[in-house]
Amino acid sequence: MSQWLQQVIDRGQAIDDWLSPVREQALESLRQTNWPNRRVEAWKYTSLVPLEQLTLSSDSTKTSTDIADIEGLNSLDLIFVDGELQSDITAMTLPEGLHISSLRDAADEQKTTAKALFSQIKPQRHLFGLVNDVLAEDGVIIDIDADSHIERPVRITNLSTQGQESHHRVLVRLGNRSSVTVIEQGQGEQASLSTGFAEYDIGEHAQLEHYRMAMHTHKAIHIGGCHFSLQEQARLNSTLVGYGSQLSRVDVDIIHNGEHAKAKFNAIYLLGESEHFDLHSTIEHAVPNGTTEENARGIVGDKAKAVFNGRIHIHRDAQKTLAELNNRNLLLSRRGQINTKPELEIYADDVQCAHGATVAEIEEEALYYLRSRGISRSQALVMLNFGFIQELVNQMPNQALAHWLQPKLQARFAEMEVK
Amino acid sequence: MSEQIDQALSRKYDAGFVSDIESETFPIGLDEDVIQRISAMKGEPEWMLEWRLRAYRSWLTMEEPEWAHVHYPKIDYQAISYYSAPKSMKDKPKSLDEVDPELLRTYEKLGIPLHEQEMLAGVAVDAVFDSVSVVTTFRSKLEEAGVIFCPISEAVHKYPELVKKYLGTVVPRSDNYFAALNSAVFTDGSFVYIPKGVRCPMELSTYFRINEQNTGQFERTLIVADEGSYVSYLEGCTAPQRDENQLHAAVVELVAMDDAQIKYSTVQNWYPGDENGKGGIYNFVTKRGICHTNAKISWTQVETGSAVTWKYPSCILKGDNSVGEFYSVALTRGRQQADTGTKMIHLGKNTKSTIISKGISAGNSNNAYRGLVQMGPKADGARNFTECDSLLIGDRCGAHTFPYIESRNPSAIVEHEATTSKVSDDQLFLCKQRGLDAEKAVSMIVNGFCKEVFRELPMEFAVEAGKLLEISLEGSVG
Amino acid sequence: MLKIQNLHASVEQKHILKGLNLDIKPGEVHAIMGPNGAGKSTLGYILSGREGYEVSEGSVDFQGEDLLEMEIEDRARKGLFLAFQYPVEIPGVSNMEFMKESVNAMREQRGEEPLSAAEFLKKAKEACKQVQLPLDFLKRGVNEGFSGGEKKRNELMQMILLEPTLCILDESDSGLDIDALQVVANGVNSQRDGKRSFIVITHYQRLLDYIEPDHVHILANGKVVKSGDASLAKEVEKEGYAFLGQDNAEEAGA
């Protein structure tokens, strides 16, 4: 048992709230867990040393909640600072069919919803998911009534400040045939730890448009995840954007529990300096006739390190599954590093599954084409490199968000060293 | 129709007979005494014994790897005999006429006649039976070309400098659990040295046979191709049908000096166990080659046997412009489990590697590709292309792909693709409608699926491999 | 404008051009015809500066400068334009972004101010209209998912926007139906202003029904084996390349 885990267990045991009974199992699992080293497959390329060395301060000075509006987004904003909800939900006018409550002050009805979701979708194997199970005292419960179409996106932001940790939880239930857009955004630069975990139950014929922006940089450590359960005919369109910090890790699980569901998952990571970003995605097809398409693209410059692990698991009898995963990477620097592992684990024969992964340079032919039109080699490289990412930005269904994100990515890219 | 395929996939194993040969077999168990006795049986020099003991001591500190996608009961390493040799081999036969005729009959039954006049022209064979080499053919002809091809036990005596110089340089003694075990207890295997600039005049081949019960086979092969030389080497293996599992933990080391080329082909047909998973060989093998400047190593394997396979023939592309290739067909059925693939370690500039892996899973088997492509910081302009295809026959089997890609060089290019497909009812229906029986149809589809790999095999082996698959699928569909 | 003398070139150690001569004056249209494998496309690539082509002998003078010494983008900026036979697709980089970057690089070369977004858009729209490409093609990735004909028209649109002095059209007619062919030909003809020169590389004569060449050259086995006026193209149309002689034809085809 590591010291770090022991203190989590000690703190978790001391928490006494309505979730305590559900935390019990996580506490039990944590007691059985060894602190992972590089020989543990899930942490082969990501070291937890920065976390072990993180010193947190006991005095918390919550600064103002400075979250910029996104032009044209018209979002319902739920703002957390260091894992504590700052927004006053009771003061918000919510559209009909949308119910939001804080985890801390949930009404009985919401508690029932929360208990049905809490740790029910997120697989037990995520160590920091268990940590979040044990320590999450705040968070939001979002419940969408059947047949309700929520136009305004719900944007959940967590800011990490110097010396603080945050363990907030997002629980979302989409009733049958409902639809909603949820944006999860995490930010921070200073020495801190955040474990944001979100669980989504997407009902029959329901549609979730989802964004996860892991925009932690520098000293802000983030280890989080989002986990989706798709019921029959459910639709998921999710986009993940990852910056890198000294340690940034996101685990995504997309689980087909109902037939004829469709999931599309795009991921973009753009890393420079000494940033580290690790994305582990798992697609579980537990039932027949599901479709999943995953595209992950990354650009790695300077001394940054990217880790991608994309697993597709087709369970026995999940016949007629269609699952594709594509991971493409550009490495721009001799000191950078890309480690990628697309995995297929297939136990049904009548399926169409494929994955591909590349680490490459810009195509010579494209470079020649641009230069033959008078564009300089260095400018052509910038255009082509960014175009590689731009393709996925263009696929984001929410235009306002895409417009907001684009210059941010561009600025980040401009800071990177292009050879 | 899938059910029909499934049912009938219980195939017969032609090489499953036991030869009635009197053997001298060590009692089961492993300690330093056993290693000393093995070394003494071989009349080894002091340095060799010392090497073995060091390997044994590091093995004791190691743990059996558990990361592979295979499951088997814990092996009791003290329940295995580490040495077994036909009694007739005690006084080394000087010519083929002195070899026990029962031994010769065994190889004939396996389709490997050892009388040179009956053999396929152009293939020299080293026949290894349990722990010893029985006979090596065509030696005089090879000696004319300066090629050394002999049992490694003999090489330790006759060419100690060469063996000392290269043994354990590609697969270090304590490389992994099974390699360490092998280093401690290896009994025989082949040694090949091709001098500078020599193109080996014939295919070299080693045929491994496990016969005795409760024995493990631990052979060690070392091939050194000196500057500008070329050799093609083939390896075949079979074992009798027995209810107990038997351990085979081999090590193969290849050294390709500047401008040299080594082509290493394997048709692995160890006894796979019965349809319920009883018996069969545990095939835990470490194979690795190192390529110096402009050198090329090509691994081709057709894996149809063994209950459990754990095998990753690899290339260390150390020299600039060196080339590594891996072509593999792995067929699993019944309760077989295979976790096989390769590692391509690109260290030099402009190094190139190609990986083509075809996995066929049937019955209740599991078939995994596991590979690593690593681009080092100095591997400017390095290239890799990997293609992994899986074919599933029936809905009770598994096909898995675990490719690791690690790149540290911006000018290196790595491409990996993997797909899965099945033998569809439509394909079978079409073939049947055109008058083919389903069995023939499946065999055709499987052969077509493997074509890219088969064409890398030397002619004689390609035919054998094709037949092997056909037999494997025989009676598979009704 | 362009003077090619005794040009020898190879790609991947294969000797393709074997002493090619060509002299193009301002305002002239030269057609280059020949059997497959004669080296027609190679000529376009070498003139534009594609990597991997090795010039072993000869010289190319472009407006008084040594063309072969220049970088790819400098050749383009000095007015050389190659319309590709198979333009590459570049997803993620929009046609608009691409052309704006390109047009402004040309303007910078000429010492002109870069165009504003609005000015550029206006020009681009006009060019699209001229080659009958829908406007939304400007927003799409460069050539991404375009049909063969759309790609050819996109090349032409670029040519119109960049206002080059020497245009090399590499099989701009291949794979086009008659309507598309006319669009391409009209586009080219609209750019003929007595100063701008053209090299029209084609396997078939039919494009030359619409773009009347001043000179026709037959390229075989790496050099010009016959030159003449427009009537030469008609001759080829009727007789095929058989007149090149068995040896030449075979070698050229190989």
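Convention: sequence-line order gives letters A, B, ...; per-chain numbering from 1. Below, each value reflects all heavy atoms present in this structure, side chains not excepted, and no hydrogens, waters or symmetry copies. Please read all numbers here as calculations on a predicted model, not as lab measurements.
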**Q** Using non-hydrogen atoms only, which part of C:Pro87 is less than 4.5 Å away from chain A: side chain, backbone, both, or neither?
**A**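 C:Pro87 touches chain A through backbone and side-chain heavy atoms alike.
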
**Q** When heavy-atom pairs shorter than 4.5 Å are enumerated against chain A, which of C:Pro91, C:Ala76, C:Gly49 gives the highest number?
**A**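 Highest number of heavy-atom pairs under 4.5 Å: C:Pro91.
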
**Q** When you measure from the centre of the six-membered ring of A:Tyr369, is the NZ or CZ of C:Arg50 under 6.0 Å away and within 45° of the axis?
**A**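 No, C:Arg50 does not sit over the ring of A:Tyr369.
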
**Q** Heavy-atom distance under 4.5 Å to chain A: side chain of C:Val142, backbone, both or neither?
**A**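 The answer is the side chain of C:Val142.
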
**Q** Does any backbone or side-chain atom of C:Glu108 lie under 4.5 Å from a heavy atom of chain A? Answer side chain, backbone, both or neither.
**A**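 The answer is neither part of C:Glu108.
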
**Q** Within 45° of the ring axis of C:Phe146 and under 6.0 Å from its six-membered ring centre, is that where the NZ or CZ of C:Arg140 lies?
**A**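 Not satisfied by the 6.0 Å and 45° rule.
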
**Q** Select one option (side chain, backbone, both, neither) describing which atoms of C:Glu51 are under 4.5 Å from chain A's heavy atoms.
**A**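 For C:Glu51, the side chain is the part near chain A, not the backbone.
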
**Q** Quick one: what part of A:Leu392 sits under 4.5 Å from any heavy atom of chain C, side chain, backbone, both or neither?
**A**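 For A:Leu392, there is no contact with chain C at all, as no heavy atom is under 4.5 Å.
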
**Q** Could you have a look at A:Gly387, A:Ala380, A:Gly374 and say which one has the most heavy-atom pairs with chain C under 4.5 angstrom?
**A**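 Most heavy-atom pairs under 4.5 Å with chain C: A:Gly374.
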
**Q** Non-hydrogen atoms of chain A under 4.5 Å away: do they reach the side chain of C:Leu82, the backbone, both or neither?
**A**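 Both parts, backbone and side chain.
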
**Q** Given A:His285 and A:Thr292, is the side-chain hydrogen bond (donor to acceptor under 3.5 Å, both in side chains) satisfied, shown in steps?
**A** CA-CA 9 Å; A:His285 282 271; A:Thr292 304; 2.8 Å; yes

**Q** Would you find more than 12 non-hydrogen atoms of other residues, nucleotides or ligands less than 6.0 Å from A:Gln352 atom CD?
**A**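 No, the 6.0 Å shell around CD holds no more than 12 heavy atoms from other groups.
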
**Q** Does a donor on one side chain and an acceptor on the other come within less than 3.5 Å for C:Thr202 and C:Lys40?
**A**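 No, C:Lys40 and C:Thr202 have no side-chain donor paired with an acceptor closer than 3.5 Å.
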
**Q** With chain C, which of A:Gln379, A:Glu364, A:Glu363 has the greatest number of heavy-atom pairs at distances under 4.5 Å?
**A**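 Ranked by contacts with chain C, first place is A:Gln379.
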
**Q** Parallel, tilted or perpendicular: which one describes the rings of A:His222 and A:His216, with boundaries at 30° and 60°?
**A**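 Ring orientation of A:His222 relative to A:His216: parallel.
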
**Q** In terms of side-chain heavy atoms, does C:Ser172 have a donor or acceptor partner in C:Glu155 at a distance below 3.5 Å?
**A**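 On atom types as modelled, these side chains do not qualify, holding no pair under 3.5 Å.
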
**Q** Between C:Glu101 and chain A, which part of the residue has a heavy atom less than 4.5 Å away: side chain, backbone, both or neither?
**A**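 Contact with chain A: backbone and side chain both.
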
**Q** What orientation do A:Tyr269 and A:Phe308 show, parallel under 30°, tilted 30 to 60°, or perpendicular over 60°?
**A**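 The rings of A:Tyr269 and A:Phe308 lie parallel, inter-plane angle below 30°.
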
**Q** Heavy-atom cut-off 4.5 Å, strictly under: side chain, backbone, both or neither for C:Asn104 against chain A?
**A**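 For C:Asn104, neither part sits under 4.5 Å from chain A.
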
